[in-house]
Amino acid sequence: QELEEARRWEGARDVRPRDGNVRRWEGLLLPNNPPYNTGAFRFELTFSPNHPLEPPRATLRTPIYHPSVDLEGRVCQPLTTDVHWEPATRATQVLQDLLLQLDSPDPQRVLRPNVARELQERPEEFRRRAEEHTRLHAEPRPD
């Protein structure tokens, strides 16, 4: 049921179980705002055996130049921390929150301090690097 809901959401495409495993989903996120809106970003959502009592873990598989996403694709996502997680939270809400983070980089949600500093102190340089990184690494956006 949650998978069908995620498949209908317009912020992602091609959402499906990875390798047939219903605890691991993959798909493409489609950012709305520059500097990321020229590409699509492959994500993975991994659910624990204790879901929904424990939050899923979102990982970006497409490299991205972003202060809240580390080089391994881990995301600083407060919604999915044990402190903020609510069992009633839907998987689509986790993906919506992730997309919102991509659309509005927040220098307070930091996994890459140098990128966050650049965003704050030299926003034009940050945007130029993020656009170039998107051009080099992101997948083409589906029609």
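Values in this document were obtained by computation on a predicted structure and should not be read as measured data. By convention here, the first residue in the shown sequence is residue 1.
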message = Has Arg24 got a side-chain atom pairing as donor or acceptor with Asp19's backbone, closer than 3.5 angstrom?
response = no

inquiry  = The criterion is salt bridge (Lys or Arg N to Asp or Glu O under 4.0 Å); which residues satisfy it with Arg127, sequence neighbours excluded?
reply    = Glu131

Closest non-hydrogen atom pair, Asn21 against Pro17 = O-CB, 3.4 Å

query = Who passes side-chain contact (heavy atoms from CB on, under 4.5 Å) against Arg128, sequence neighbours left out?
reply = Glu125

query = salt bridge (Lys or Arg N to Asp or Glu O under 4.0 Å): which pairs involve residues 81-95, sequence neighbours left out?
reply = Glu5-Arg90

request  = Can you see which heavy atom on Arg141 is nearest to which on Gly39, and at what distance?
outcome  = NH1-O, 3.0 Å

request  = Kindly write out the residues that satisfy salt bridge (Lys or Arg N to Asp or Glu O under 4.0 Å) with Asp14, not counting sequence neighbours, or none if the list is empty.
outcome  = Arg16

request  = Output all residues satisfying side chain to side chain donor-acceptor pair (under 3.5 Å) with Asp103, sequence neighbours left out; order by chain, then residue number.
outcome  = Asn32

note = Taking every heavy atom of Pro67 against every heavy atom of Leu119, the minimum-distance pair comes out as CG-CD2, 4.0 Å

query = What residues, two or more places apart in sequence or in another chain, satisfy side chain to side chain donor-acceptor pair (under 3.5 Å) together with Asp106?
reply = none

query = Taking only residues two or more places apart in sequence, or in another chain, which ones meet Arg122 in a salt bridge (Lys or Arg N to Asp or Glu O under 4.0 Å)?
reply = Glu118

request  = Any chance you could measure Leu71, atom CG, to Ile64, atom CD1, to the nearest 0.5 Å?
outcome  = 12.0 Å

inquiry  = So, using salt bridge (Lys or Arg N to Asp or Glu O under 4.0 Å) as the criterion, who are the partners of Asp70 when residues are at least two apart?
reply    = Arg74

query = Just one of Gln101, Arg112, Gln108 clears the side-chain contact (heavy atoms from CB on, under 4.5 Å) bar with Ser68, so which one?
reply = Gln101

message = I'd like to check the ring pair (Phe, Tyr, Trp, His ring centres under 6.0 Å) partners of Phe43; sequence neighbours left out, ordered by chain and number.
response = none

inquiry  = Hydrophobic clustering (ILVMFWY, side-chain heavy atoms < 4.5 Å, transitive) - are Leu30 and Leu100 grouped together?
reply    = no

query = Are the side chain of Gln77 and the backbone of Val94 linked by a donor-acceptor contact shorter than 3.5 Å?
reply = yes

query = Which word best sums up how the rings of His66 and Tyr36 line up, parallel for under 30°, tilted for 30 to 60°, or perpendicular for over 60°?
reply = tilted

request  = Could you tell me which residues satisfy side-chain contact (heavy atoms from CB on, under 4.5 Å) with Arg61, sequence neighbours excluded, listed by chain and number?
outcome  = Arg18, Arg42, Glu44, Thr59

ask   = By ring pair (Phe, Tyr, Trp, His ring centres under 6.0 Å), which residues pair with His51, not counting sequence neighbours?
value = Phe47

remark   = Pro63 meets the side-chain contact (heavy atoms from CB on, under 4.5 Å) criterion, sequence neighbours left out, with His133, His137

